Amino acid sequence: MRTRYAPSPSGTLHIGGARTALFSYLFAKHHEGQFVLRVEDTDRARLVEGSESALMRSLRLLGIHWDEGPDLEGPLGPYRQSERLALHQQYAEQLLKGGQAYRCYCTPEELKQAREARMAQKLPPRYMGTCRNRLAEDPIHTSGQPYVIRLKVPLDGVTVVDDLIRGHVTFENSLLDDFVIMKADHTPTYNFAAVIDDWGMQISHVTRAEEHLSNTPKQILVYQALGFDLPQFAHIPMVLAPDRSKLSKRHGATAVEEYLDQGILPQALVNYLLLLGWSAPDGREFMTVADAVPLFTLERVQHTAAVYDQKKLEWMNAQYLKALPVTEIVAAVTPFVEKLGISWGQGPTLDAGVALARERAHTLVDLAQAMKFLWERPQAFDPKGVQKHFTPLEVPIRLEALAEALERSDTAAWTHDGIMEVFDAVAKNLDIKRAELIHPCRLALTGVTVGPGLFELVQVLGPQETVARLRQVATNLREGALKGSQS
RNA sequence: GGCCCCAUAGUCUAGAGGCCUAGGACGCCGGACCCUCAUUCCGGAAACAGCGGUUCGAAUCCGCUUGGGGCUACCA
């Protein structure tokens, strides 16, 4: 079995494309076949610089690996459609000679007019067929006028698409028109190039998004005209934006890269994508791509288009953030920490920071932000927190008492429980509840009122820094420097 | 407009005639725990689009309607 993913390098890889690629890949691998990456770059106008390599990078990060592709030449290459032009032209010529295709000299203006006229009459906008029956002797052929090549589509009968997911789908040939297979610039159109390349690359199962189901009868006609054996087809449902329309830039983040930039782990993203239109036989939701290979079958692919849900994606990411080994998370979060301009060389390790903060982060951005206080003293204190926890006049005294007790405590006792004991002792001494110590302390140390448990936080921050911050805040409070501090 | 595909809660899904008073997940609401937030745990609201058939019996089969999506380019 051989499948393929054939994106056009006209932008970034959006999650719909990634999901289609993933399913094609899993389908091939489940049957121990090959997965091919072919870049469909025939439309030079839509070509976007660098998008081919961006596409490949995104695919790789998701763990979707091709056996043959533009960067991994195999025996059936080249794998960039533009480099197969000679082949396309050769087959177009063959169809011309065989009379299954013809040159069409109609101008775009003429076609547009004819189309609009038919639309006005509420007729399907079919090519009118002006050039279909031109004689070989027609002087226009030697006139040097630009032309396209059209396939001569049967005027009656039906073309049946035998789809692995959709079943038998029947199309009336009379509703198809003589579509263009070679443009005026002598490059092939999608429906022509795709056939020649799929056949040439010996793709046994054409798995692609459902938007191509309507194109399939046209392609089958090309297969037949060329005398090629038909592959199997499987049309995978689309991924829709939350408003149920086709994915586009206006829907915010839709590209794999953007999600990665938002701090979604590729493992979480691909796991989420896997659940969009497919479910495991045993209903489990957490899987790696490798886990899914033995489980993946087309029978379990949904027929309905799926709407992606950012909330569930983030939830899944949070699960990975909690479950993956700390070292992996550290590696993943490091660029995000750097982006925040944090220098973590001194003080707590990133490992300790990740272990401390990962439980309540949804994205790597959250995580980096939540660790920031470990290496940077708070520049500002949450106003509501200040009002609530810094207002009592005893606060400076309490913080200083705490600082002193912590300073005096045995470094060997610098553990969660050891620190808790110090807090309890100070609270008892001051005749207050432990919470009355904890809240101002967290605010003094981190600048905010939410975050990790205080004792583990203090433990990671370390004795010296903790004591220094407490004293600094106590001093500032006493001098009124923090009163009404807004930002 | 024409052609094609699709239809279980807000979202992702389980379900292939009786196991369904429709199961799970996210989200939402409430509660427990707690030093806050988050996590975790417990509980709750929430769906078979509608109408006709077929059948002893229909979420499951058929038809129609409605709704959504796709295609209808010298884009892919």
Side-chain angles (χ1 to χ4, degrees), chain A residues 6-10 40-43 45-46 81 104 106 108 111-112 115 118-126 146-150 161 163 165-167 169-172 175-177 179-191 193-194 208-218 235 237-238 240 242 244-246 272 275-281 283-285 299-300 302-316 318 322 357-362 366 370 385 388-389 420 423 433-439 441-443 448-455 457:
Chain A
S8 66
S10 56
E40 307 215 328
D41 56 349
T42 49
D43 186 16
R46 292 209 319 165
Q81 202 159 55
C104 170
C106 299
L111 294 170
K112 195 180 169 204
R115 187 162 48 235
R118 284 185 66 92
M119 294 280 266
Q121 292 173 62
K122 297 196 187 296
L123 288 166
R126 211 172 174 282
Y147 62 88
V148 299
I149 300 177
R150 290 180 183 272
V161 178
D163 192 274
I165 294 176
R166 314 279 152 185
V169 186
T170 305
F171 295 85
E172 297 276 343
L175 266 11
L176 268 21
D177 66 353
F179 57 92
V180 174
I181 58 175
M182 292 296 280
K183 308 176 203 173
D185 66 358
H186 308 293
T187 63
T189 59
Y190 163 72
N191 281 316
R208 60 181 25 155
E210 201 203 320
E211 58 184 316
H212 292 300
L213 184 57
S214 310
N215 285 317
T216 308
K218 295 181 186 174
H235 287 91
M238 315 235 320
L240 267 23
R244 303 204 70 85
S245 69
K246 222 174 154 177
Y272 175 72
L275 262 26
L276 230 44
W278 179 81
S279 60
R284 75 170 135 144
E285 296 204 319
E299 290 71 54
R300 297 194 63 83
Q302 197 78 10
H303 293 196
T304 321
V307 172
Y308 73 88
D309 179 21
Q310 175 95 12
K311 280 272 180 45
K312 184 153 186 177
L313 207 208
E314 284 184 16
W315 167 81
M316 180 149 283
K322 279 187 290 187
R358 65 152 137 187
E359 191 161 289
R360 61 209 82 209
H362 278 70
D366 291 348
K388 197 167 175 187
H389 302 301
M420 184 167 70
F423 272 73
K433 283 184 291 187
R434 191 161 80 187
E436 287 181 88
L437 222 40
I438 285 173
H439 293 296
C441 181
R442 172 182 288 106
L443 185 59
V448 293
T449 57
V450 300
L454 189 70
F455 306 134
L457 183 164

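What you are looking at is a predicted structure, and each value in this text was computed from that prediction instead of being measured.
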Looking only at atom P, what distance separates B:rG57 and B:rG18, rounded to whole Å?
14 Å

Would you call A:Tyr147 and A:His186 a side-chain contact if the rule is heavy atoms closer than 4.5 Å?
yes

Heavy atoms only, 4.0 Å cut-off, all strands: where does A:Glu172 land among base, sugar-phosphate and nothing?
nothing

Of all heavy-atom pairs linking A:Ala184 and A:Val148, the shortest is N-CG1, 3.6 Å

When we call it a touch if two heavy atoms are under 4.0 Å apart, what does A:Arg46 touch: a base, just sugar-phosphate, or nothing?
base

Taking the side chain from A:Arg208 and the backbone from A:His235, do they hold a donor-acceptor pair closer than 3.5 Å?
no

Work out how far the P atom of B:rG30 is from that of B:rG50, and round it to whole angstrom.
31 Å

With a 4.0 Å cut-off on heavy atoms, is A:Gly277 in touch with a base, just the backbone sugar-phosphate, or nothing at all?
sugar-phosphate

Strictly distance-based, threshold 3.5 Å: is any side-chain N or O of A:Arg244 a donor or acceptor partner for the main-chain N or O of A:Val307?
no

Roughly how far apart, to the nearest Å, are B:rC35 and B:rA25 at atom P?
29 Å

Could you tell me the boundaries of the chain A footprint on RNA chain B, defined by atoms under 4.0 Å from its heavy atoms?
B:rG1 to B:rA76

Do A:Asp177 and A:Phe179 touch side chain to side chain, with heavy atoms closer than 4.5 Å?
yes

In whole Å, measure the gap between the P atoms of B:rC28 and B:rC34 for me.
24 Å

Touch check for A:Thr42, heavy atoms < 4.0 angstrom, all strands: base, sugar-phosphate only, or nothing?
sugar-phosphate

Would you call A:Arg118 and A:Arg115 a side-chain contact if the rule is heavy atoms closer than 4.5 Å?
no

Under 4.0 Å, heavy atoms only, any strand: does A:Ala184 hit a base, just the sugar-phosphate, or nothing?
base

With a non-hydrogen cut-off below 4.0 angstrom, is A:Leu454 in contact with a base, only sugar-phosphate, or nothing?
base

May I ask which nucleotide in the shown strands pairs with B:rA9, Watson-Crick or G-U wobble, both distances under 3.5 Å?
none

With a non-hydrogen cut-off below 4.0 angstrom, is A:Glu285 in contact with a base, only sugar-phosphate, or nothing?
base

With sugar-phosphate meaning primed atoms plus P, OP1 and OP2, does A:His235 contact a base, only sugar-phosphate, or nothing at under 4.0 Å between heavy atoms?
nothing

Return the 5'-most residue of the pair A:Val169, A:Leu313 with respect to RNA chain B, ranking by each residue's nearest nucleotide.
A:Val169

Just call it for A:Asp43: base, sugar-phosphate, or nothing, with non-hydrogen atoms closer than 4.0 Å on any strand.
sugar-phosphate

Parallel, tilted or perpendicular for A:Phe455 and A:Phe423, by the 30°/60° rule?
perpendicular

If we take the C1' atom in both B:rU21 and B:rA47, what is their distance in whole Å?
15 Å

For A:Arg442, report the nucleic acid contact type (base, sugar-phosphate, nothing); a contact means any heavy atom under 4.0 Å.
base

Is a side-chain N or O of A:Asp163 found less than 3.5 angstrom from the main chain of A:Val169, in a donor-acceptor match?
no

Partner of B:rC3 by Watson-Crick or G-U wobble geometry, both contacts under 3.5 Å, or none?
B:rG70

Remember a base hit wins even if backbone is also touched, and classify A:Lys433 as base, sugar-phosphate or nothing at under 4.0 Å, heavy atoms.
nothing

Under a 3.5 Å cut-off for both contacts, is B:rC34 paired Watson-Crick or G-U wobble with anything, and if yes, with which nucleotide?
none

For A:Arg300, report the nucleic acid contact type (base, sugar-phosphate, nothing); a contact means any heavy atom under 4.0 Å.
sugar-phosphate

Evaluate side-chain hydrogen bond (donor to acceptor under 3.5 Å, both in side chains) for A:Asp185 paired with A:Thr187, printing each intermediate quantity in order.
CA-CA 6 Å; A:Asp185 66 358; A:Thr187 63; 2.7 Å; yes

Toward the 5' end of RNA chain B, by each residue's nearest nucleotide, A:Phe455 or A:Tyr147:
A:Phe455

For the P atoms, the ones on B:rC56 and on B:rC48, what distance do you get once it is rounded to whole angstrom?
27 Å

Atom C1', compared across B:rA59 and B:rA14: separation rounded to whole Å:
12 Å

Indicate, with a heavy-atom threshold strictly under 4.0 Å, whether A:Thr170 touches base, sugar-phosphate, or nothing.
sugar-phosphate

With a 3.5 angstrom cut-off on both distances, give the Watson-Crick or G-U wobble partner of B:rC51, or none if there isn't one.
B:rG63

Would you mind pulling out the nucleotide paired to B:rG27, Watson-Crick or G-U wobble, both distances under 3.5 Å?
none

At 4.0 Å (heavy atoms only), tell me whether A:Arg115 reaches a base, stays on the sugar-phosphate, or touches nothing.
sugar-phosphate

What's the gap between B:rA9 and B:rC29 when it is taken at their C1' atoms, as a whole Å value?
15 Å

